[in-house]
Amino acid sequence: MSKNQRTYRAPRGIRDLLPEDVALAERMERIAASLATRRGFREIRPALLEETALFKRSVGEVTDIVEKEMFSFERGKTHLSLRPEGTAGIVRAYIEAGYPRNRPIQRFFHIGPMFRYERPQKGRERMFTQFDVEALGSMDPRLDAEVIQLAALFFESLGIDEIEVRINSMGDGDDRDRYRDAVRAFLAPSMEAHCDLCRSRFERNVLRVLDCKNPSCRELHAGAPAIVDFLSPENEAHFAAVRSSLERLGRKTVLDSGLVRGLDYYTRTVFELHHPPLGVRSALCGGGRYDHLVRDLGGPDLGAVGFAIGFTPTLLALEELGILDRPAIRPAADCFLVAAGEGLDEEVFVLAEELRSRGVSVVFDVEGKSLKSQMKTANAGGFRFALVLGESELERGVVQLKDLPAREQHEIAREELADRILEALAVPS
RNA sequence: GUGAGUGUAGCUCAGUCGGUUAGAGCACCAGAUUGUGGUUCUGGGGGUCGGGGGUUCGAAUCCCCUCACUCACCCCA
């Protein structure tokens with residue numbers, strides 16, 4: 001860093017995943033992928049960038065996400081946005097690829113970055129990774145239960161037990177509208193007594209008023225209408241079926257009539273997975289059914305259900321629970337090739353590539369360090385082997401193979417070197 | 001967008017009532033009779049004390065502004 005040169009940082013709320021961090025991310029990805037594929041969910045990698053209109057249409061014009069949280073820009077006449085969530089793009093891809101006509105039942109999962117222009121704080125970033133699962137093309141309540149079960153198993157596989165499934169139904173169409181009207185009518189007389197926030201929620205999303213944590217507001221909500229009393233027989237049956245399917249798996253559900261997902265596309269089943277001991281940050285997963293999104297985005301009217309799990313909240317949860325065991329940092333390669341003496345640069349380079357071609361991972365010193373210093377580097381870097389090549393070895397066609405943790409060194413014929421290394425690596429040290 | 005807290009070396013931090021060359025640990029680099037790593041010892045590089053302005057004989061320290069980060073609210077994974 002020179003003095004008169006300005007420096008650069010990652011943009012606010014965006015952090016780099018350094019090589020040291022990748023193993024942990026990979027572990028979560030592996031667990032997610034394994035649970036998903038076992039249930040026939042296939043990985044999909046949709047666009048990171050979409051037409052802005054897609055999100056306006058699906059997520060909703062009057063949501064916080066669309067109103068103020070999207071990274072949007074214009075190129076030519078096209079308005080684009082970095083995706084703030086995964087479902088819209090996945091459904092768009094599903095329709096665009098023609099699945100609805102040919103093979104409407106599709107189970108997809110995706111792990112990748114999402115972007116929201118928010119003020120960063122603990123557990124919340126502008127670029128964050130989500131594990132998304134979407135079961136498309138069916139209304140079957142067992143799919144609701146299946147994805148909820150999948151989400152719960154994800155956390156349990158990581159060691160987070162006591163996952164609480166909070167569930168609600170938002171109804172669909174008429175019953176939902178009637179419920180909303182009823183809530184509005186119920187609240188209207190007491191709005192003056194509510195907090196400022198509730199008053200703004202009343203305008204933006206009435207149902208959210210019932211979610212207020214303010215005790216004085218809560219008192220005003222006693223006797224508020226419950227959605228379950230408004231559900232059509234069909235939606236009520238669906239909701240009951242989802243819960244009973246989960247019960248059959250031994251998974252309890254908690255009816256949370258205040259649970260209202262913020263995005264416009266949700267219908268019927270909505271749910272959140274919580275780990276109550278985590279307090280304010282107990283919410284680990286959110287999802288639900290979005291039965292008309294495919295239609296709203298230009299496809300046939302097909303049901304769908306899915307969820308999103310944020311990796312950052314998950315990691316935070318593991319940390320707070322003290323069960324985050326970071327995978328050991330793996331060395332860059334198995335072997336560190338040491339040059340014993342001057343003028344061996346080319347020889348070292350050639351030997352390294354020779355070993356690599358036989359399947360051995362090797363790096364060599366590029367700082368012109370002393371032999372001793374190279375050995376230190378090999379040790380500090382966690383390499384299993386140091387390979388020493390000097391004039392003498394070169395002439396005799398051998399290499400010193402040093403097993404660093406074992407502190408043993410043997411002279412090996414160059415032709416046998418790769419095999420000997422691979423052999424030694426095959427048995428646990 | 002609103003509010004609060006914090007900015008000293010790559011990292012974690014100390015720095016008194018304002019006082020002269022701003023420190024420690026870790027990390028890094030180099031040595032300890034010249035072809036061999038964990039410990040130890042010695043030495044070394046590295047900071048315009050976030051930036052700008054002000055008060056003062058004198059500012060890392062006090063005041064103002066600004067930026068950044070963190071946390072909280074809204075909302076959310």
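Convention: sequence-line order gives letters A, B, ...; per-chain numbering from 1.
- If you take CZ of A:Phe336 and P of B:G38, they are 15 Å apart, rounded to a whole angstrom.
- Base contact: A:Arg116 has a heavy atom under 4.0 Å from a base atom.
- Separation of the C1' atoms belonging to B:G3 and B:C57 is 40 Å when rounded to the nearest angstrom.
- At a threshold of 4.0 angstrom between heavy atoms, the contacts of A:Leu284 are confined to the sugar-phosphate backbone, with no base atom among them.
- If you check B:C71, B:A77, B:U36 against the side chain of A:Lys402, the one that comes closest is B:U36.
- Base-pair partner of B:G7: B:C67 (Watson-Crick or G-U wobble, both distances under 3.5 Å).
- Residues A:Thr52 and A:His79 have side chains that never bring a donor and an acceptor to within less than 3.5 angstrom of each other.
- Distance noted for atom C1' between B:G46 and B:G25: 15 Å (whole Å).
- Spacing between B:G15 and B:U61 at atom C1', rounded to whole Å, works out to 9 Å.
- Counting any heavy atom pair closer than 4.0 Å across all strands shown, A:Ser373 reaches sugar-phosphate atoms only and no base atom.
- Between A:Leu389 atom CG and B:U36 atom P the separation is 16 Å, expressed in whole Å.
- Picking from B:G35, B:C74, B:U70 the nucleotide with the shortest atom distance to the side chain of A:Glu393 gives B:G35.
- Comparing atom distances between the A:Lys68 side chain and each of B:G37, B:G35, B:C74 picks out B:C74 as nearest.
- Spacing of C1' atoms, B:G5 relative to B:A9, comes out at 24 Å, to the nearest Å.
- Side-chain proximity of A:Gln121 to B:C73, B:A77, B:G35: nearest is B:C73.
- Checking each of A:Phe41, A:Phe154, A:Phe311 against A:Phe131 for a ring-ring contact (aromatic ring centres under 6.0 Å, His included) leaves exactly one that passes, namely A:Phe154.
- When both distances must be under 3.5 Å, the Watson-Crick or G-U wobble mate of B:A60 does not exist.
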* What do the steps show when you test A:Arg289 against A:Thr267 for side-chain hydrogen bond (donor to acceptor under 3.5 Å, both in side chains), and what is the final call? -> CA-CA 5 Å; A:Arg289 190 160 264 289; A:Thr267 56; over 6 Å; no
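- Contact annotation for A:Arg407: base contact, defined as any heavy-atom pair under 4.0 Å involving a base atom.
- A stacked arrangement is assigned to A:Phe128 and the six-membered base ring of B:A77, with a centre-to-centre distance below 5.5 Å and an interplanar angle below 30°.
- For the residue pair A:Gln106/A:Arg42, the side-chain donor-acceptor check at 3.5 Å is satisfied.
- Nucleotide B:U40 forms a Watson-Crick or G-U wobble pair with B:A32, both donor-acceptor distances falling under 3.5 Å.
- For the pair A:Arg124 and A:Gly286, both in contact range of RNA chain B, the more 5′-proximal nearest nucleotide belongs to A:Arg124.
- The CZ atom of A:Arg9 sits 11 Å away from the C1' atom of B:C67 (whole-angstrom rounding).
- A:Leu387 pairs with exactly one of A:Val338, A:Leu355, A:Ile412 by the side chain to side chain contact (heavy atoms under 4.5 Å, CB included) rule, that one being A:Leu355.
- A donor and an acceptor atom never sit less than 3.5 Å apart when one is taken from the side chain of A:Arg208 and the other from the base of B:C75.
- Within 4.0 Å of A:Glu85, counting heavy atoms only, lies no atom of the nucleic acid at all.
- The separation between A:Asn379 atom CG and B:U36 atom C1' is 11 Å, rounded to whole Å.
- Nucleic acid contact class of A:Gln409 (heavy atoms, under 4.0 Å, all strands): base.
- When the P atom is compared between B:C29 and B:G45, the two are found 16 Å apart, to the nearest whole Å.
- In this structure, A:Ile65 places its CD1 atom 7 Å from C1' of B:C76, rounding to the nearest Å.
- A:Gly123 comes within 4.0 angstrom of a base, heavy atoms only.
- If you find the closest nucleotide of RNA chain B to A:Leu263 and to A:Leu404, the one lying nearer the 5' end belongs to A:Leu404.
- Under 4.0 angstrom from either OP1 or OP2 of B:G37 there lies at least one side-chain N or O belonging to A:Lys372.
- Distance CG (A:Asp365) to P (B:G35): 16 Å, rounded to an integer number of Å.
- Residue A:Pro120 forms a side chain to side chain contact (heavy atoms under 4.5 Å, CB included) with just one option from A:Met127, A:Arg126, A:Glu125, and that option is A:Arg126.
- Listed nucleotides: B:C71, B:A77, B:U36. Nearest to the side chain of A:Leu371: B:U36.
- B:G18 sits 15 Å from B:G58 when the P atoms are compared, rounded to a whole Å.
- On a pure distance criterion of 3.5 Å, no polar donor-acceptor pair joins the side chain of A:Glu69 and the base of B:G1.
- The side chain of A:Glu118 lies closest to B:C75, out of B:A30, B:C75, B:G37.
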* Where do A:Arg27 and A:Asp325 land on the salt bridge (charged side-chain N to carboxylate O under 4.0 Å, His left out) test, with the steps shown first? -> CA-CA 11 Å; A:Arg27 189 167 71 200; A:Asp325 56 326; 3.4 Å; yes
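- Neither OP1 nor OP2 of B:C29 sits under 4.0 Å from any side-chain N or O of A:Lys376.
- The side chain of A:Met375 approaches B:U36 more closely than any other nucleotide in the set B:C29, B:U36, B:A72.
- Between the P atom of B:C76 and the CG atom of A:Asp64 lies a distance of 6 Å, rounded to the nearest Å.
- Between A:Arg83 and B:A77 there is no side-chain N or O to OP1 or OP2 distance below 4.0 Å.
- The closest donor-acceptor contact from the side chain of A:Ser138 to the backbone of A:Asp140 lies under 3.5 Å.
- Residue A:Arg119 places its side chain closer to B:C73 than to any other of B:C73, B:U36, B:C74.
- Among the heavy atoms of the strands, none lies under 4.0 Å from A:Glu67.
- In this structure, A:Arg12 reaches the sugar-phosphate backbone alone: every heavy-atom distance under 4.0 Å involves primed, P, OP1 or OP2 atoms, never a base.
- Rounded to whole Å, the distance from CD on A:Glu319 to P on B:A77 is 21 Å.
- The pairing partner recorded for B:C73 is B:G1, the criterion being a Watson-Crick or G-U wobble arrangement whose two distances lie under 3.5 angstrom.
- A:His292 and A:Asp172 are linked by a side-chain donor-acceptor pair at a separation below 3.5 angstrom, with hydrogens and angles left out of the test.
- Remark: the separation of the C1' atoms in B:U6 and B:U12 is 15 Å, to the nearest Å.
- Only the C1' atoms considered, B:G44 is 14 Å distant from B:A27, to the nearest whole Å.
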